[in-house]
Amino acid sequence: MAFIQLETQGAVATLTIDRPKALNALNSAVLEELDAAIDALDLSAVRCLIITGGGEKSFVAGADIGEMSTLTKAEGTAFGKKGNDVFRKIETLPIPVIAAVNGFALGGGNELAMSCDIRICSDNAVFGQPEVGLGITPGFGGTQRLARLVGPGMAKQLIYTARNIKADEALRIGLVNAVYPVEELLPAAQKMAAGIAKNAPIAVRACKKAINEGLELGMDDALALEEGLFGSCFETHDQIEGMGCFMSREKPKPKPVFTNN
Ligand code: DAK
């Protein structure tokens with residue numbers, strides 16, 4: 001792949017978007033490679049994915065403005081669908097995904113980060129949805145995910161004003177969970193990913209499904225969803241091993257290959 005690097009260490013995979021001449025902006029080729037890289041993940045072995053940007057200046061500086069500048073209405077819709085489909089694939093990937101935001105996360109870059117389960121960033125990170133300044137709306141889920149993450153009032157302010165915010169403000173409004181000096185960001189993401197990967201994978205996957213799908217439901221249906229997923233953990237290797245080891249004061253032994261039982 002020309003723009004995506006995918007490295008796996010143990011149960012943690014790191015996907016780097018690397019298009020330095022355009023601050024890792026997303027053109028069609030990058031989106032297609034991103035989609036293929038996600039499909040190529042071996043989900044029987046990988047238990048957590050980190051997404052980051054190449055270099056120290058930018059996570060992703062948005063969708064590629066040069067490519068978008070000449071699109072027709074039909075092409076613009078198709079481009080939006082391409083991004084939406086791959087971001088949704090990331091959001092609904094069975095395993096947790098951490099965005100390690102190392103610099104600019106603007107427009108499609110912020111939207112990519114928001115399709116991940118958890119966002120942490122470097123102290124030089126800059127977030128924003130500048131689309132209305134370019135004559136378009138956020139097109140890769142920004143209007144929907146930002147409002148769900150930081151609330152409609154703050155999301156509307158950021159989107160209508162097209163104002164960029166720095167890492168400390170992103171932390172304050174809950175857009176990111178933590179801020180690190182730039183050289184400490186990837187080690188922090190790897191440490192968090194390793195901590196997730198050592199937990200029972202069936203249960204971790206069920207938690208992701210319960211939170212994501214439950215947020216779309218009313219409370220009664222959401223609790224019924226949680227009950228079903230809770231019940232599905234019983235009689236699995238993870239539950240038998242996890243509870244058995246607690247009772248016998250032993251350390252649970254991870255299963256090397258993921259299975260549903
Ligand atoms: N697209 C293309 N190239 C980009 C880019 C981008 N988004 N961002 C930066 N670059 C390129 C620059 O053109 C420059 O290339 P050269 O001139 O060297 O060839 C190179 O990266 C370095 O950028 P700068 O020289 O500008 O670097 P600075 O440090 O001075 O400034 C910056 C960094 C990030 C503040 C600045 O580059 C900037 O403002 N970039 C644009 C950021 C932005 O507006 N991003 C949002 C893009 S809009 C939709 C689908 C998707 C979307 C919307 C609708 N549908 C179809 C419905 C999503 C839209 C967006 O993401």
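Counting convention: from 1, in listed order, for ligands and their atoms alike.
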Considering heavy atoms of the protein only, find what lies nearest to [atom] and give residue, atom and distance to 0.1 Å.
atom                    : result
atom 56 (C) of ligand 1 : G76 O, 2.6 Å
atom 28 (P) of ligand 1 : K57 NZ, 3.8 Å
atom 48 (S) of ligand 1 : L134 CD1, 3.5 Å
atom 37 (O) of ligand 1 : L23 CD1, 3.9 Å
atom 58 (C) of ligand 1 : A63 CB, 3.6 Å
atom 52 (C) of ligand 1 : G139 N, 3.6 Å
atom 16 (P) of ligand 1 : K21 O, 4.5 Å

(message) Treating R119 as the side-chain partner and L175 as the backbone partner, does any N or O pair qualify as donor plus acceptor under 3.5 Å?
(response) yes

(message) So does A100 get a backbone contact from the side chain of T52, meaning a donor-acceptor N/O pair under 3.5 Å?
(response) yes

(message) Using heavy-atom distances only, which candidate in S58, G80, A61 approaches atom 43 (C) of ligand 1 most closely?
(response) A61

(message) Using side-chain heavy atoms (C-beta onward) and a distance below 4.5 Å, is E131 in contact with E111?
(response) yes

(message) With a heavy-atom distance limit of 4.0 Å, tell me whether P130 approaches ligand 1 through its side chain, its backbone, both, or neither.
(response) side chain

(request) Record the part of I65 in heavy-atom contact with ligand 1 below 4.0 Å; permitted values are side chain, backbone, both and neither. (result) both

